[in-house]
Each structure stands twice: as structure tokens, then as C-alpha cells.
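Numbering of residues begins at 1 and proceeds along the displayed sequence. Values in this document were obtained by computation on a predicted structure and should not be read as measured data.
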Amino acid sequence: MERREEQPGAAGAGAAPALDFTVENVEKALHQLYYDPNIENKNLAQKWLMQAQVSPQAWHFSWQLLQPDKVPEIQYFGASALHIKISRYWSDIPTDQYESLKAQLFTQITHFASGSKIVLTRLCVALASLALSMMPDAWPCAVADMVRLFQAEDSPVDGQGRCLALLELLTVLPEEFQTSRLPQYRKGLVRASLAVEFGAVFPLLEQLLQQPSSPSCVRQKVLKCFSSWVQLEVPLQDCEALIQAAFAALQDSELFDSSVEAIVNAISQPDAQRYVNTLLKLIPLVLGLQDQLRQAVQNGDMETSHGICRIAVALGENHSRALLDQVEHWQSFLALVNMIMFCTGIPGHYPVNETTSSLTLTFWYTLQDDILSFEAEKQAVYQQVYRPVYFQLVDVLLHKAQFPSDEEYGFWSSDEKEQFRIYRVDISDTLMYVYEMLGAELLSNLYDKLGRLLTSSEEPYSWQHTEALLYGFQSIAETIDVNYSDVVPGLIGLIPRISISNVQLADTVMFTIGALSEWLADHPVMINSVLPLVLHALGNPELSVSSVSTLKKICRECKYDLPPYAANIVAVSQDVLMKQIHKTSQCMWLMQALGFLLSALQVEEILKNLHSLISPYIQQLEKLAEEIPNPSNKLAIVHILGLLSNLFTTLDVSHHEDDHEGSELRKLPVPQGPNPVVVVLQQVFQLIQKVLSKWLNDAQVVEAVCAIFEKSVKTLLDDFAPMVPQLCEMLGRMYSTIPQASALDLTRQLVHIFAHEPAHFPPIEALFLLVTSVTLTLFQQGPRDHPDIVDSFMQLLAQALKRKPDLFLCERLDVKAVFQCAVLALKFPEAPTVKASCGFFTELLPRCGEVEPVGKVVQEDGRMLLIAVLEAIGGQASRSLMDCFADILFALNKHCFSLLSMWIKEALQPPGFPSARLSPEQKDTFSQQILRERVNKRRVKEMVKEFTLLCRGLHGTDYTADY
């Protein structure tokens, strides 16, 4: 079997000769796909079979593959091929063949009614697709015809077999409609036709469900069929009889799952809220399940409790607004809400003993939104009814959030622990939302409970209870402004009284302190109550994440109040860093925390602390710089460089206006002399160069060095100025020796911040010219191995044009070579590189008039750019990139209109360019459309999308649906 390249959507265009796609070859390929142990052969067979399915020969071999003597795998492929041909290539079928195709499919379905079920389903899907394509004109009463044909007594298949086949067909029909890619106008027509035809289906389903003689397999199929049809938005009142039958079927364990699915789908359809009377009739049916629910919970039957909960939540969540509107029925709706509350508080620990409670959380959001959306008078009434319910909900949620006993938790798998963590996050989000309903009273409620728990001498309290109450506080304080709460001082006072005997409790204490860091900034006198706890926790590796992140928050929010504690914080941090207690990422966070802390000190204090903090690392780095490069000392070097980067990311003495809302009330230290970060960088500059000289060919080390300067530049902005000349010189040497993307990214940062300043323009221009020259040489040698460098280079060029177009005026810059390299980059297979190249051209083309060398090169080589863009649109580039190419066309049209109008006609002249699938008229229409649109960029993007589909032979096929 020969491998052939072919567009999958091109219905056999340019496909393999007809002889290749024979029944025998298809069977061989299927055997290879299922039984060949070699994965490459399997992949090859799969590709070939996909081509076979869309070839014209599929019409012939599909029927032969369905012969009774074939095995089910082969028959299944035949049925699938028929479905693909009918659903994707309907336009290929002559209208005079519709009836014979329909008859053949009916015959095959009748035959397989007593055969393989998977083949039967595929054939039903094929017939469903045919019906959807013919409805309503060519086959007006399709569903009624299906019912009539399968009920005919003269069929060779037994009654039950016929019945199951008909139910399968009726089940897949709405499913096929939901997933079909019919054009929008056809979808509306077919939906309207199906909405009428449910009248031929529901009486049959009711009859089969109510007949005592109907076997379980038929009743199950009926429920699945009903479930499928209700998703077509059948009026809820017309579903009443079947919904009631489904409720009755919940008592049958075999039918339970199908009944739940059917009821939930029926209740959840968007249109259902219009049928309030039917919804009101459903409430007693749902409430009638409470005994079954309690029994299931008692017996540990998780599946039954889960299913009943789904039904209650579906009714409550989808229709709370409609049911709340029925004020006279408020008690029955409140009973439903209490049933959902029972489901929220279902006994047992999630996810080990139960998986139901998580289903209910969204309901509480919806109910609250609906209550708060009423006008004032009605809202006040419902607030009176539901505030106690929501206070009860808080108690229930905090109970559910409690950890199990240490012993029990020890037996949980890591997956169960992770699911429980996510569940607690969901509870936290719900509590935060509920705060809007309950307000400050919620915090008082939590505080009172915590106070009673910690001060009661009557009974020993469990750490789980304490932890859950704190977790509730933390959930609210993390996102709600609690600065004006009168209970927070009491809470801060209670925290040191908590007996911390457990990691989970300690973690939550830390996170709660972190959540209150903004409050502490406004009440600095309380910092001393909690800071010792945080510093103590820093020494415990098990509390690494919580203690470090909390210290970072305190240092960020309260930095102007921390100078009295700075020496202690630095000493403890140094100690834990030297003892290597924390993992790399926490070490980096800790350095960021110290950066915030030091920012608020006097310059001499900062320098003193910096000296003690980083001297050990500098000594270590000096030692490592002498050693012969090996993997272990590389890790150490990258770690130390990372620590410095993170320290310099946050160490900012400039006190920007947004640093602190109340900063004008404080006397801020006035920075004098050079910036401390610059002082340190200048001291270690030689050492960094020494490290670089040995590790220049290691991308990770180069990246780590560049990160130090990049983060410093971003933080310091203009204060970094003294470093610009020596950094430009170092970058130039680095890049000339071994070009790496990170050096270009740092160059781009320097261009962005300093290129417009006359004092810094010379070194930046020299660096820009040097890296451009080196990169152009790389292009001559073959840039395909360095898509990351090309990507960063294109971004640098675009930044230069944006910030300082004068860089393109320099005589030493070969603008023509840059332009040609960028055109070459448009043809790279890597999407980010192509995007960056397109970004360069969209910055370059608007400069045609103002930058003379740019105007000249566009005039000389612009046609080459246009041809590359048209090739990409014609099929050489990914469809996901079409918007980027459309931006180039738009820019050409807006800034080089006369040139484009001449080039585009010439470029589209040759037959077969940019695609053999285009007619001269289609090309002409495209060029006229583009030239006409010089204002609306969105319209140009739509034209390009349309044109690329024509070029690829995908226009009008189901491939366009997601596009």
C-alpha cells in the first residue's frame, strides 16, 4: 500500500488511482491497523484508510464491506465510510439517487437489527445524516416514515429487534443534528421540521414505557431516546407524561441512570423556564425522592444519591428565578432548597465517601444572584427567608471543608488529596460569594465561633474545626476588603492563642495572616503579633509555600512599617537560605520578599543588608567560576543567578506613586547617590562576565544572566542608565560569540526603555547594528535550526521601529537584507516565528514615507513580500495564522496602495498560483475586495479567511465550521 499525500477535504481530488482503494486493499489496511504490532505501520494504515474513506471509490467498497460474511470491524468501517460520504460530501450525490440510497440504508439497518450493535449504530447515524440533508423538502415526514417503515409487520426481523433498531435510529437523529455542520439557514429549517416531528415519536415512547410487557432493554432505549429528543427544545409541557414515567422508573435500579439523564436533560433545556406550571408540578415529584435519597445515603449507595441530587440541582439551578417569581409557592420552593442543602451537607468526606456535594455549589451562586436581582421590596422579603438558609449553608460548607482525622487522611491517595484541595478551593470561592448576601455579620459569626472554640474550657476542640473556621476567614479576606471590619483586631489577637500541632492547621494560619496583610498595612501596630509566627514557620520545610508566600505579602504590603523588624527578617531569611530548607521556587519568592523589604530602607542600610545577604553567594559564584563546567556546578550557578534576579525584580527605591495609597502621609526616605541595585551589579559585573566566558554555549546559563539584567531594567527603568554602556558591550560580545535568543530579548528591553534618550542612543545603536549583522550572517548559514533566535530578532526589529525608527536610518544597517530575511522567516513552520515576522512587517510598512531606506526597500522588494503572503494564504501556512497575514495585506493597502494595486494583479496572474483550486474570477474578486478595503481591518481578515478556504478546497465543507 503506497503512502500518498492528499488534502483530506478534497473528495478524492488528486487521489491514488481507483485500483488502490479496492475492497481487498481496504481489508488489508484494516488488518494492519488492528493487528500489526508496528506503530508506524498502524499510522500509515490509518492515514491511507482516511484517504480511502473520502475517495469516490468509497461509495463502491462501503456496501461490499457490509456483506454478512465480513467481521464486525470491517463492516463498521464500511458503515463509517458511508456516514462520512453522506455528511461531508452531500453535494456530490445526484438528487435522483437520494431514494435508492435511502432504501439501501433501510435494508442494511433491518439486516443489522439482529446483528452487530456497533455497525447498526453507525448505519443509523448514516441514515440520520441523510434525513437531515433531505429535510424538509426532499423528505418532508422523515421521522413519521421511519416509524411507519419499522412497524411494518412483513419484516423478517422479530418485533423486539425492529423496535430496538427504530429506537436507535430515533435516538441518533437529534444527536446527529446537534453535531452536524449544516449551514446556519439549513439548521433553522431542519430544527423547525424536527420540532414538529416529535409528535410522531413521543406517543410511541409513552406507549412502550407504559406497557407492562416491554422488556427492560426496550424501556432503557426509550429513556435514552427521550433524553436525546428533549435537547431539541421540545416544549416542556409536551414532555410531562414521559417525565412522570421517568420519575416512576427511578425505582428500577436497571433504569435508574437512564431515567436521571432523561429527567435532567428535560429540566435543563433553556426553553423550559417558560412552562412554569409544569415546573411547579415537578417540585412535588422531586421532593418525593427524599426518602429514596436518605435511604441511599444510609446504605452508602453513592450512585443513587448522586443521581437524585443531580435532578434536584437541575430543577433548582436552571429555574430558581422562575420559581422564586411564584411567590404563593414559596414554601414548596424552600423545601426544594432545603433538599439541596441536604445534598450539600451529605455525610462523609469528599471525594472518598461522597462525590455529590460538589454538584450543588453553583446552585447557591444562582439562587443568591436571583434573590439580589429583585426590586427592593421583593428582595427584602426573600432576604428575610433566605439569610438564615445562607448562614446554615456557611456552617455546612465549613463542616464539609474539614480535614478527616490524621489517621484517615494518611490512607488517602495523592489523587484524592488533590481532589479534596480543589473542592476546598470551590468552597472558598462560594464563601467569598456568599459574603455579598450576608455582609459583615458573616465575619462576626465566624469570629464568635472561633472565639468560643479557643476560649472554651469545657471540651477540647479538634484542630480540624479551628482550621475550617480560619479557612472561612481566609477565603473572605483574600478577596474582600476587610479593612473596616471590627472583628479583624480580635482575630489577630486570637491567632497566637491557637495551639498549632498540625501542618494543615499551620498552613491555614499562615495563609490567613497573608490574606490580612493589607489590613496589617493600615494597622501596623498589630504586625508584631503575627510576624514572629511567620518567621518561626520559615524554618519548617513542610510550611515552605505558606510561610514564604505570607512573608512576601507582608513585605510587599507593609514595607514602610517593617524597618524596625528588617534586621530580624533578613537574619532569619539568610539562615533558612543557607540551610537550604526550601525548594528553588520558594527561595526565589523569599528573595522577592527581601527585595520589597529592603526597598523601604535608607540607601546605606540597603547596601549594608545587601552586602551581608549576597556576599556568601558571590563567594560561591567566584569559586564556581574557577571550576571546569559540569552539570552539578551549572545547577548551582543558575540557582545563584536566579536568586539575584528575583531580588532585583522587587528591590525598587524609587517609590513610585502607586506604591502605597497613603504614601503622601508618610515621610519617605529620599534616595541619595547611585541606585543600590546598580552598585551591586557594577560590583559583580566582572564576575558575571567571567562566568559567562565559560558557559557561553549553555542557553540556560546565558538566559539566567540575561534575566538578572532584564528584571533589573524593568524594575529600575531610568535608574538603570549607568549600566547601559557596559551591558551593551557585554551583550555584543556574548551574541557575537554564540547567538542566543535571550540576548536579543534583553537588547529589545534596552531599545524599549533607552533608545529614545540621546545620551544612550550611541551604545544602543552600536549593539543593535552588531546583533543585526550577526543574525544576518546566521541567515546566510541557514537559520532553520534557530527559530527561537529568528523569532526574538523579528520582535527586536519591530520594537526598534516602534520606539526609535531612526535606527533604520543608519548607513551601516543593511535594510534590504533585513527585509529579505523577514520574508524568509514568514515561511518558517513555527507559528510564533511567523507571527513575530508578520509583526515586524506591520510596524515597517507604515514607516515607508518617513524612513527613506524603508520606503526604498519596500518599493524594490515589496512584490516579494506580497508573493510570500499570498503563498501562505494559498496553503503553505497554518490557517490559525491567517489574521497575521491579513494584517500585512491591510498595511500594504493602507500605506503602499498604488504599488499593491499593480503587484497583486501581476502576482495572481500565473495559473495555479497561489492554488490550483482557484478560478481566474475568484482571484480577481479577491484582489478587488482587498484593494477596496483600506479602513476596516476586520473585513480584510474575513476576506483572507474566505480566500484561504477556497485555496485549500475547504470552502463549504464541515472543516470550516470551527474556523
Side-chain angles (χ1 to χ4, degrees), residues 5 629 692-693 695-703 705-706 730-748 751 766-801 807-808 810 812-845 853-854 857-858 860-881 884-885 888 907 913-914:
E5 293 299 325
L692 259 183
S693 63
W695 290 92
L696 253 182
N697 59 349
D698 188 290
Q700 234 182 320
V701 174
V702 171
E703 218 169 284
V705 167
C706 290
M730 183 184 92
L731 274 173
R733 279 205 304 276
M734 270 168 61
Y735 196 75
S736 304
T737 315
I738 294 176
Q740 295 201 17
S742 49
L744 289 174
D745 294 335
L746 179 51
T747 304
R748 185 175 85 240
V751 166
L767 174 62
F768 178 74
L769 292 171
L770 177 63
V771 296
T772 302
S773 163
V774 172
T775 312
L776 292 177
T777 309
L778 193 72
F779 265 92
Q780 287 166 0
Q781 295 162 355
R784 276 300 305 112
D785 295 336
H786 308 285
D788 56 334
I789 291 177
V790 176
D791 181 349
S792 294
F793 181 54
M794 291 299 138
Q795 290 187 54
L796 167 62
L797 295 172
Q799 185 68 267
L801 285 162
L807 286 165
F808 277 70
C810 179
R812 283 178 294 149
L813 182 71
D814 190 342
V815 179
K816 192 179 183 72
V818 165
F819 188 95
Q820 289 170 349
C821 289
V823 170
L824 194 63
L826 288 176
K827 301 177 184 182
F828 272 44
E830 292 82 7
T833 307
V834 177
K835 264 187 187 164
S837 313
C838 291
F840 162 67
F841 283 115
T842 52
E843 288 294 339
L844 178 104
L845 293 168
V854 170
V857 77
V858 170
E860 290 171 5
D861 293 338
R863 190 172 180 278
M864 179 205 308
L865 167 64
L866 176 66
I867 286 170
V869 169
L870 290 172
E871 282 173 349
I873 296 169
Q876 286 193 8
S878 161
R879 275 163 47 202
S880 63
L881 293 165
C884 303
F885 289 105
I888 297 178
F913 181 84

Problem - Reported CD-to-NZ distance for the pair Gln795 and Lys835, which is rounded to 0.5 angstrom - result: 11.0 Å

Handout entry: Heavy-atom side-chain proximity of Leu770 to Tyr735 below 4.5 angstrom
Key = no

Handout entry: Closest non-hydrogen atom pair, Val702 against Leu692
Key = CG2-CD2, 4.0 Å

Exercise for the section: Supply the atom-to-atom distance Arg784 CZ to Thr833 OG1, rounded to the nearest 0.5 angstrom. Expected result: 8.0 Å

Completion exercise
Here the pair of heavy atoms bringing Gly839 nearest to Ala798 is O-CB, 4.2 Å

Practice task
Determine the minimum heavy-atom distance between Ser792 and Leu744, stating which atoms define it.
Solution key: CB-CB, 3.8 Å

Problem - Residue pair Gln740 / Cys706, side-chain heavy-atom distance below 4.5 Å - result: no

Problem - Nearest heavy-atom neighbours spanning Leu769 and Cys810 - result: CD1-SG, 3.6 Å

Practice task
Answer yes or no: is there a side-chain heavy-atom contact under 4.5 Å between Met730 and Val705?
Solution key: yes

Exercise for the section: To the nearest 0.5 angstrom, please state how far the CD1 atom of Ile789 sits from the OG atom of Ser742. Expected result: 9.0 Å

Handout entry: Parallel, tilted or perpendicular: rings of Phe779 and Phe828 (30°, 60°)
Key = tilted

Completion exercise
d(Phe841 CZ, Cys884 SG) to nearest 0.5 Å is 13.0 Å

Handout entry: Minimum side-chain heavy-atom gap Phe819-Leu844 below 4.5 Å
Key = yes

Problem - Atom pair CG/CZ of Leu776 and Phe793 - distance to nearest 0.5 Å - result: 5.0 Å

Practice task
Compare every heavy atom of Leu866 with every heavy atom of Ala907, then report the nearest pair and how far apart it is.
Solution key: CB-CD2, 4.3 Å

Practice task
Would you please test Ile888 and Phe840 for side-chain contact (heavy atoms from CB on, under 4.5 Å) and show each step?
Solution key: CA-CA 9 Å; Ile888 297 178; Phe840 162 67; over 6 Å; no

Problem - Distance in Å, Cys821 SG paired with Leu826 CG, rounded so as to fall on 0.5 Å steps - result: 11.5 Å

Exercise for the section: Kindly indicate, with the supporting measurements, whether the criterion side-chain contact (heavy atoms from CB on, under 4.5 Å) is fulfilled by Leu767 and Val771. Expected result: CA-CA 6 Å; Leu767 174 62; Val771 296; 3.9 Å; yes

Practice task
Would you mind reporting whether Pro783 and Leu824 have side-chain heavy atoms less than 4.5 Å apart?
Solution key: yes

Exercise for the section: Please report the shortest heavy-atom distance between Val834 and Ala825, naming the atom on each side. Expected result: CG2-O, 4.0 Å

Practice task
Check whether any side-chain heavy atom of Leu807 sits under 4.5 Å from a side-chain heavy atom of Leu813, and report yes or no.
Solution key: no

Exercise for the section: Answer yes or no: is there a side-chain heavy-atom contact under 4.5 Å between Met864 and Gln820? Expected result: yes

